[in-house]
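Start at 1 with the first residue, then count along the sequence. These values consider heavy atoms only, across backbone and side chains, with no hydrogens, waters or symmetry-generated copies.
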Amino acid sequence: MRLRENDDGGEKEEVVENDVTLAQNQWCPVVNAGFSSPKRLVVVGYALTTKKIKSFLQPKLEGLARNKGILFVAIDHNRPLSDQGPFDIVLHKLSGKEWRQVLEDYRQSHPEVTVLDPPDAIQHLRSRQYMLQAVADMNLCDSYGIVDVPRQLVIKREACAIPELVNQAGLTLPLVAKPLVADGSAKSHELSLAYEKFSLQKLEPPLVLQEFVNHGGVLFKVYIVGDAIKVVRRFSLPDVSKWELSKDAGIYNFPRVSCAAASADDADLDPTVAELPPRPLLEKLAKELRWRLGLRLFNLDIIREYGTRDHFYVIDINYFPGYGKMPEYEHIFTDFLLSLGQGKYKKKSG
């Protein structure tokens, strides 16, 4: 079986073959303070696109993993998954019905293996129609702040019907248009900003329209790796004034808005814009979403409504995002994998 899937840049998968057979209880020497001591190896089988392998499996990560007793092994897509390994963890970011079925069958026959993450749970995030529903259902509001989602409208019909549908839904311009399918391809990250109602007819369904919320041109990327949380600032779409809204017409297209090159962590920003969301609020949000989504590897795009200190909006959720852009990701990720592997062995011995 050979799978060809899209990742963040829309690149086609080139299978990386690696015929590795591992002993069931393999041990390896782990260097600690100049001494070698035997330690059980945590074996991580990975099924990733070539682009994802390059961005995620960087030399520093692999070196640190080896020192901690973690071995990354490429899954051979031309062989049955059950014939490979044995694995402690399967790490993947491929899509397609065939691959989902392979993983689901493997999970049923190998319950002792941790699959990051379950394919059905990931599938929930591939449609922006349902992506933010878990956040909306939480109605999170406490002393640290309010977490909302933008009002949105799903458009599946002809473009000519969009202005009337927007009227019926009572959405307020400007509107952000996003592709309905969030499959990790370059196209799925493209955005359009519509200032005027009748220009909406130029859009191409299926798509989601979200009310644009002024947020000082900065968004917060909240990376979640198990229980760990890391937040970075990224530049985003600029605010839209009432004057601009009255003068501008048409639709403005944007490529992927937030990326490593657009880091805002070292920028000279208004403190009210730059202030990170309260840590207790993010911990509560992440913990609840881990349970509701059934995922352990994802990130949130969060904005703060301009002029407020504690009103936040989650505008996107991504599975297995570009962790290579997250500061100190090598330590955070290897600690996470190690905790999963050690937890499994403790259960066995208990």
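In this structure the side chain of Arg292 reaches within 4.5 angstrom of the side chain of Met138, judged on heavy atoms. Side-chain contact check for Glu211 versus Leu175: some heavy-atom pair is nearer than 4.5 Å. Taking 4.5 Å as the limit, every side-chain heavy atom of Val222 sits out of range of all side-chain heavy atoms of Asn299. Considering only heavy atoms from C-beta on, Phe220 stays 4.5 Å or farther from Leu282 through its side chain. Side-chain contact check for Arg279 versus Ile229: some heavy-atom pair is nearer than 4.5 Å. Counting heavy atoms from C-beta on, the side chains of Leu81 and Leu103 come closer than 4.5 Å. Between Leu285 and Phe312, every side-chain heavy-atom pair lies at or beyond the 4.5 Å cut-off. Side-chain contact between Leu116 and Leu337: present, with at least one pair of heavy atoms (C-beta onward) separated by less than 4.5 Å.
For Ile251, the side-chain contact (heavy atoms from CB on, under 4.5 Å) criterion is met by Ser192, Ala194, Ser199, Lys202, Leu203, Asn253, not counting sequence neighbours. Partners of Glu62 according to the salt bridge (charged side-chain N to carboxylate O under 4.0 Å, His left out) rule, which considers only residues two or more places apart in sequence or in another chain, do not exist here.
Put simply, the side chain of Tyr319 gets close to the backbone of Asp117: a donor and an acceptor are under 3.5 Å apart. Between the side chain of Asp88 and the main chain of Val43, a donor-acceptor pair closer than 3.5 Å is present. Between the side chain of Arg126 and the main chain of Val181, no donor-acceptor pair closer than 3.5 Å is present. Without hydrogens or angle criteria, Gln84 side chain to Ile75 main chain gives no donor-acceptor distance under 3.5 Å. Looking only at distances, no side-chain donor or acceptor of Tyr223 sits under 3.5 Å from a matching main-chain atom of Leu300.
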When you look at Tyr323 and Leu61, which way does the side chain to side chain contact (heavy atoms under 4.5 Å, CB included) test go after all the steps? CA-CA 11 Å; Tyr323 285 115; Leu61 173 69; over 6 Å; no

Determine, stepwise, if the pair Tyr313 / His215 fulfils side chain to side chain contact (heavy atoms under 4.5 Å, CB included). CA-CA 10 Å; Tyr313 290 84; His215 52 282; over 6 Å; no

Would you sort out whether Leu297 and Phe336 count as a side chain to side chain contact (heavy atoms under 4.5 Å, CB included), showing the intermediate values? CA-CA 10 Å; Leu297 300 177; Phe336 168 63; 3.7 Å; yes

Between Leu94 and Thr49, does a side chain to side chain contact (heavy atoms under 4.5 Å, CB included) hold up when you go through it step by step? CA-CA 7 Å; Leu94 296 176; Thr49 64; 3.8 Å; yes

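When all heavy atoms of Gly216 and Asp239 are compared, the pair lying nearest together is N-OD1, 2.9 Å. Here the closest heavy-atom approach between residue Ser55 and residue Tyr329 is recorded as O-OH, 4.1 Å. Closest heavy-atom contact between Leu281 and Gly145: CD1-O, 4.0 Å.
Looking at Arg100 and Glu104, no side-chain N of the basic residue comes within less than 4.0 Å of a carboxylate O on the acidic one, giving no salt bridge. For Asp227 and Arg290, the salt-bridge test passes: some basic side-chain N is under 4.0 Å from an acidic carboxylate O.
Hydrophobic clustering (side-chain heavy atoms under 4.5 Å, transitive across Ile, Leu, Val, Met, Phe, Trp, Tyr) groups Leu276 together with Ile332. One hydrophobic cluster, built from ILVMFWY side chains closer than 4.5 Å, cannot hold both Leu200 and Phe198; they sit in different ones. Ile146 and Ile315 fall into different hydrophobic clusters, defined by Ile, Leu, Val, Met, Phe, Trp and Tyr side-chain heavy atoms under 4.5 Å apart, directly or through other members.
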For residues 127-134, tabulate all N or O donor-acceptor pairs below 3.5 Å that involve a side-chain atom, not counting sequence neighbours.
| residue | atom | partner | partner atom | Å |
| --- | --- | --- | --- | --- |
| Ser127 | OG | Gln129 | N | 3.2 |
| Arg128 | NE | Asp316 | OD1 | 3.4 |
| Arg128 | NH1 | Pro179 | O | 2.8 |
| Arg128 | NH1 | Ser188 | O | 3.1 |
| Arg128 | NH2 | Ser188 | O | 3.1 |
| Arg128 | NH2 | Asp316 | OD2 | 3.4 |
| Gln129 | OE1 | Lys156 | NZ | 3.3 |
| Gln133 | NE2 | Asp137 | OD1 | 2.8 |

For a quick test of your reading: what N or O donor-acceptor pairs under 3.5 Å do the side chains of residues 157-172 make, sequence neighbours left out?
| residue | atom | partner | partner atom | Å |
| --- | --- | --- | --- | --- |
| Glu164 | OE2 | Gln168 | NE2 | 3.3 |

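Annotation for Leu64: hydrophobic cluster partners, listed by chain and number, are none (ILVMFWY side-chain heavy atoms under 4.5 Å, direct or chained). Under a 4.5 Å side-chain heavy-atom cut-off, the cluster of Ile, Leu, Val, Met, Phe, Trp and Tyr residues that includes Val154 is completed by Leu180, Val208.
Proximity of the aromatic rings of Phe320 and Phe56 is defined here by a centroid distance below 6.0 angstrom, and this criterion is met.
Between atom NE2 of residue His311 and atom CG of residue Asp148 there is a gap of 3.5 Å, rounded to the nearest 0.5 Å. One distance of note links CG of Asp335 with CD of Glu330; it measures 11.5 Å at 0.5 Å rounding.
Here the options are Lys221, Lys178, Arg233, Arg234, the test is salt bridge (charged side-chain N to carboxylate O under 4.0 Å, His left out), and the partner is Asp301; only Lys221 passes.
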